[in-house]
Amino acid sequence: MHAPSLSDRSIEAYASVTGRKRLERLRSLADALADVRILHVNSTATGGGVAELLRSIVPLCTDLGIDTDWLVMDGDDEFFEVTKAMHNGLQGSGPSLTEGMKATYRAVTERNAREFDGEYDFVVIHDPQPLGMIDRLEETMPDAPITWRCHVDLTDPSDEYLAFVSEYTSRIDHAVFSRSAYEIEIDAPTTIVYPSIDPLTEKNRSLDEGTMANERDRLYPLSFDAPVVTQVSRFDPWKDQFGTLEAYRRARERVPDLQLALAGGMAGDDPEGEKLYERVAGEAVDDPNVHVLADLPDARVNVLQRLSDVVVQKSLREGFGLVVSEALWKRTPVVGSNVGGIPLQIEDGKTGYLVDPEDASGAGDRVADLLEDDRRRTEFGEHAREHVRERFLLPRQLVDLLEVAVDALD
Ligand code: UDP
């Protein structure tokens with residue numbers, strides 16, 4: 001396992017985007033946890049929502065005076081093939097789970113566990129990848145409650161994967177899910193905590209005009225002089241980039257100069273990304289108005305979400321979908337599938353539209369409706385900003401998570 005390098009953060013800076021009361025609550029929770037050492041474990045330092053969250057949460061806890069570490073598992077391609085299959089299986093469709101796959105999972109999680117020799121009072125395991133370390137964690141820290149923070153969409157998990165994961169989750173002390181529909185049978189208290197975006201990162205903060213212009217120019221040949229619809233997602237079958245292409249083609253029937261930006265990255269623990277990227281790029285190659293943009297720096301993602309006329313999130317499953325709040329925070333309306341965490345974030349007909357995940361044409365129609373109505377887009381954008389401010393900014397999530405720690409240690 002290894003500890004990613006993190007930049008310092010200051011909680012005081014959040015006074016500019018969230019109420020004072022919330023910051024005071026954070027400080028009082030931090031006081032209650034002043035002598036507590038917290039460990040977060042996950043399987044990638046970059047790419048995807050979990051790494052995104054931990055990059056903010058961990059240094060902010062440190063700033064609040066809570067001794068907090070983050071360790072990332074080391075794995076090889078074979079392990080990440082298995083854990084991606086587990087992720088897919090828990091979201092409802094994976095290959096059959098073989099004894100060989102289980103053996104790979106056990107071998108790598110146990111190897112990581114053997115390297116571990118820390119001392120903590122409260123442990124948070126993110127997603128299924130590190131669950132196999134639970135024996136060693138219990139053995140070395142018998143008094144530390146172990147929380148499983150599940151970010152996966154568990155609406156309709158496949159039985160065999162759920163049974164395998166349950167071998168480990170039956171031993172956790174507490175589970176945290178992103179929405180109530182995901183509560184699977186677990187013999188431990190569960191809490192619902194909505195994820196959040198960090199409004200002060202390079203990805204989400206306001207940018208000065210010079211940076212905006214510079215990053216916008218670097219997105220050339222994408223042009224913001226004509227309408228732009230965007231999806232930002234890892235290249236992953238659940239994100240349904242092909243459905244987004246279909247929606248774009250439908251919307252273009254009414255908005256002929258429409259452009260589509262498909263920005264995507266590859267997470268370190270996701271072996272499927274490269275292949276899907278090539279397939280999506282291949283599909284787009286004949287249409288000069290489709291721009292497939294890989295691994296953009298955060299400031300450019302920021303500008304893209306800000307300057308797009310509409311953002312789409314056409315996922316088939318979605319644990320939460322930080323990208324939805326990221327766009328809404330930037331006052332860009334979102335047309336998103338009515339799955340997983342997306343309906344928590346989009347207020348249908350107020351900040352964007354919810355569509356059936358199988359209905360790409362319907363998504364396209366909603367995109368065109370928004371593109372044809374400047375006033376509606378502006379109104380939706382203003383509502384969206386305040387909705388995210390109230391519910392989906394980092395200080396709120398930090399309060400919820402620290403409350404879980406305080407309760408677990410009570
Ligand atoms: N992301 C990014 N560049 C990309 C694709 C994704 O920075 O090309 C970020 C995105 O802005 C968001 C996170 O990765 O912060 C994805 O989180 P989300 O919850 O939407 O989906 P996940 O990847 O965790 O399934």
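Remember, predicted model here, so these are calculated numbers, not experimental data. Counting starts at 1 for both ligands and their atoms, following the listed order. Residue numbers start at 1 and run along the sequence shown.
- One option in Lys239, Arg300, His151 has a heavy atom closer to atom 22 (P) of ligand 1 than any other, and that option is Lys239.
- The contact set between ligand 1 and Val232, taken as ligand atoms under 4.0 Å from a residue heavy atom, comprises 4 (C), 5 (C), 6 (C).
- Close contacts of ligand 1 with Val323, meaning ligand atoms under 4.0 Å from a residue heavy atom, involve 10 (C), 11 (O), 12 (C), 20 (O).
- Crowding of Tyr194 atom OH: a count of heavy atoms from other residues, nucleotides or ligands under 6.0 Å not exceeding 12.
- Judged by the 6.0 Å and 45° rule, Arg385 forms a cation-pi pair with Trp329.
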Name every donor-acceptor pair, under 3.5 Å, that has one atom in a side chain of residues 259-268 and the other anywhere in the protein, sequence neighbours excluded.
{"from": "Gln259", "atom 1": "OE1", "to": "Ser223", "atom 2": "N", "distance (Å)": "3.0"}
{"from": "Gln259", "atom 1": "NE2", "to": "Ser223", "atom 2": "O", "distance (Å)": "2.6"}
{"from": "Gln259", "atom 1": "NE2", "to": "Ala226", "atom 2": "O", "distance (Å)": "3.4"}
{"from": "Gln259", "atom 1": "NE2", "to": "Pro227", "atom 2": "O", "distance (Å)": "3.4"}

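- Atom 14 (O) of ligand 1 has its closest protein heavy atom at Gly48 N, 3.9 Å.
- Among all protein heavy atoms, the one lying closest to atom 19 (O) of ligand 1 is Leu322 N, 2.9 Å.
- Using modelled atom types and a 3.5 Å distance limit, the side chains of Trp238 and Asp153 yield no donor-acceptor pair.
- Pairs engaging residues 331-343 under the side chain to side chain donor-acceptor pair (under 3.5 Å) rule: Arg331-Glu382 [sequence neighbours left out].
- Listed by number with element, the atoms of ligand 1 under 4.0 angstrom from any heavy atom of Lys203 are 2 (C), 7 (O), 9 (C), 10 (C), 11 (O), 15 (O).
- Listed by atom number, the atoms of ligand 1 under 4.0 Å from Gly264 heavy atoms are 4 (C), 8 (O).
- Counting only heavy atoms of the protein, atom 11 (O) of ligand 1 lies nearest to Glu326 OE1, 2.7 Å.
- No more than 12 heavy atoms of other residues, nucleotides or ligands sit less than 6.0 Å from atom CG of Asp77.
- The atoms of ligand 1 that sit less than 4.0 Å from any heavy atom of Glu52 are 15 (O).
- In this structure, the side chains of Gln397 and Ile57 come closer than 4.5 Å at one or more pairs of heavy atoms.
- Protein heavy atom nearest atom 23 (O) of ligand 1, with residue, atom name and distance: Arg234 NE, 2.6 Å.
- Using a 4.0 Å cut-off between a side-chain N of Lys or Arg and a carboxylate O of Asp or Glu, Arg252 and Asp257 do not qualify as a salt bridge.
- Using a 4.5 Å cut-off on side-chain heavy atoms (C-beta onward), Thr109 and Arg136 make no contact.
- Counting the atoms of ligand 1 from 1 in the order shown, those under 4.0 Å from a heavy atom of Gly321 are 19 (O), 20 (O).
- Of all the atoms in ligand 1, the ones that sit under 4.0 Å from a non-hydrogen atom of Gly265 are 4 (C), 5 (C), 8 (O).
- Counting only heavy atoms of the protein, atom 16 (C) of ligand 1 lies nearest to Gly49 N, 3.7 Å.
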